[in-house]
Number of protein chains: 2
Amino acid sequence: MALSHAILALLVLRPMSGYDLAKAFEASVGCFWKATHQQIYRELGKLEEQGWIEAEAIAQTGRPDKKLYRLTGLGLTHLTTWVAEPCEVMPIKEELLIKVFVGGLVPRPVIRQQIEQHRHQHQQTLDRYQRLEAADFSDPRALTPGAKFGYLTLRRGIRYEIDCIAWCNEVLQTIEEMPED
Amino acid sequence: MALSHAILALLVLRPMSGYDLAKAFEASVGCFWKATHQQIYRELGKLEEQGWIEAEAIAQTGRPDKKLYRLTGLGLTHLTTWVAEPCEVMPIKEELLIKVFVGGLVPRPVIRQQIEQHRHQHQQTLDRYQRLEAADFSDPRALTPGAKFGYLTLRRGIRYEIDCIAWCNEVLQTIEEMPED
DNA sequence: TCGCCCATGTAATAAGTTACATGATTCG
DNA sequence: CGAATCATGTAACTTATTACATGGGCGA
């Protein structure tokens, strides 16, 4: 059910179309939730049924018409109530770790290559996050309270990527120190 | 499809029943994958159909009979082939971050309490991991190559929990420094 | 005697992924 | 002229969650 709340959370910022939401997921909320456009459109339908959001059809010239969704009072109440409810820590699911777990079954270069590739991906994500940090949050003290919370979620993403990279380095060092097969 | 590989990876260690696997998920592999017993039993059926594992019925007295599953040669080949295939970084999904994202909508104690609760959960998980570390990997240099890979996955879990706790502290400090509502 | 451990499963629902489908505009 | 952007959706399928269901043994 958290996808619906992620959508409601984005609609707090401003009314958006499904398309806008899909982009917003990739850009801002992406460091802690992701969704494809198919999921988003399906979910928007449900949210509207429940009265948490309402749609306004916008006719456009030169590009497809769109539906702008905005949060209703009911939706806002629902969201803030949900925020106060206790929630569980969500488990990690990391395919790479299954591969490392059975690393002893394959020649070491196989694992080394996988780790290097992942480290590279994490580095790219980190770069992107740090560009966002520089662009939107260059002076954290000057932020409004609302924006400060946004910054904290980005901080989480940055920390996470840094930690992934550090772990990759730990793995690479360990396998270099291993005796040859 | 990664659940099936997690199961195959565990069966490399030794033949296990569905029940054993469920416990093994909680104990060892839990820091990077989780599965309920319902998922496991369903998946075992599929794996057997494909010939990657085979079952041996074990009649027991005083307790229910069980099925011991062991990896087949085909299963092992499948697993090692899969290990060498490239894989994507898996996204984080963290409900708590959605709540922090809209933290500006609720009184600060609400967020503070959520963060404190999460920090506590992460601390408990970290304690558990560190007990495992002390018990099974007290001298990392003396490990066999196979066990070393197991240790690296546990290291990932430990690092992750430490980082979560550090981020929680960052959030708590930030909200303490905020002006009153 | 109450609840936990062992041991296996079914059924229903929710959530997520992948493929398919359309169609104009704008930029290189 | 081809590719990307804007904009919406359906259908089929795979995964994951939750609830239900059974039943003996064993320790406090």
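Below, read A as the first sequence line, B as the second, and so on, with proteins coming before strands; counting in each chain starts at 1. If you're wondering where the values come from, they're calculated on a predicted model, not measured in any experiment.
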Sequence-distant partners of [X], salt bridge (charged side-chain N to carboxylate O under 4.0 Å, His left out), two or more places apart:
{"X": "A:Asp20", "value": "none"}
{"X": "A:Glu56", "value": "A:Arg70"}
{"X": "B:Glu85", "value": "none"}
{"X": "A:Arg112", "value": "A:Glu176"}

Would you mind reading off the distance between [X] atom [atom1] and [N] atom [atom2], rounded to a whole angstrom?
{"X": "B:Leu44", "N": "C:dA7", "atom1": "CG", "atom2": "P", "result": "14 Å"}
{"X": "A:Lys93", "N": "C:dA15", "atom1": "NZ", "atom2": "P", "result": "14 Å"}
{"X": "A:Arg42", "N": "C:dA19", "atom1": "CZ", "atom2": "P", "result": "16 Å"}
{"X": "B:Gln39", "N": "C:dA14", "atom1": "CD", "atom2": "P", "result": "17 Å"}
{"X": "B:Glu56", "N": "C:dA7", "atom1": "CD", "atom2": "P", "result": "14 Å"}

Listed partners of A:Trp52 passing ring pair (Phe, Tyr, Trp, His ring centres under 6.0 Å), at least two apart: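 For A:Trp52 the ring pair (Phe, Tyr, Trp, His ring centres under 6.0 Å) partners, ignoring immediate neighbours, are A:His78.
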
B:Phe25: ring pair (Phe, Tyr, Trp, His ring centres under 6.0 Å) partners, not counting sequence neighbours: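 Ring pair (Phe, Tyr, Trp, His ring centres under 6.0 Å) list for B:Phe25, sorted by chain: empty.
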
Side chain of B:Gln38 (C-beta onward), nearest among C:dT8, C:dT10, C:dG16: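 My answer, after comparing the listed nucleotides, is C:dT10.
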
Heavy-atom contact window of chain A on DNA chain D, given 5' to 3' at under 4.0 Å: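 Listing 5' to 3', DNA chain D meets chain A from D:dT5 to D:dA16.
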
Of all pairs that satisfy ring-ring contact (aromatic ring centres under 6.0 Å, His included), the ones with a partner from residues 126-162 of chain B, not counting sequence neighbours: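 For residues 126-162 of chain B, and leaving out neighbouring residues, the ring-ring contact (aromatic ring centres under 6.0 Å, His included) pairs sorted by first residue read B:Phe137-B:Tyr151.
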
Residue pairs passing the salt bridge (Lys or Arg N to Asp or Glu O under 4.0 Å) test where at least one lies in residues 25-49 of chain A, sequence neighbours excluded: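 Those involving residues 25-49 of chain A do not exist here.
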
Toward the 5' end of DNA chain D, by each residue's nearest nucleotide, B:Lys46 or B:His37: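 In this pair, the answer is B:Lys46.
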
Nearest-nucleotide comparison on DNA chain D, the residue closer to the 5′ end among B:Ala2 and A:Lys66: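 Closest to the 5' end, via its nearest nucleotide, is A:Lys66.
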
Close approaches to DNA chain C from residues 10-36 of chain A, in residue order (heavy atom, under 4.0 Å):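 By residue number: none to list.
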
Atom pair CD/CG of B:Gln173 and A:Leu152 - distance to nearest 0.5 Å: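 Reported to 0.5 Å precision, the distance equals 10.5 Å.
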
Between the first and last five pairs of the helix from C:dT1-D:dA28 to C:dG28-D:dC1, the angle of the axes, rounded to 10 degrees: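 Overall, the helix from C:dT1-D:dA28 to C:dG28-D:dC1 bends by 50° from one end axis to the other.
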
Pairs meeting criterion side chain to side chain donor-acceptor pair (under 3.5 Å) with involvement of residues 139-149 of chain A, two or more places apart: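 Residue pairs passing side chain to side chain donor-acceptor pair (under 3.5 Å), neighbours aside: none found.
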
Side-chain donor or acceptor of A:Gln114 paired with backbone N/O of B:Val83 under 3.5 Å: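 Flag set: sc A:Gln114 to bb B:Val83 pair under 3.5 Å.
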
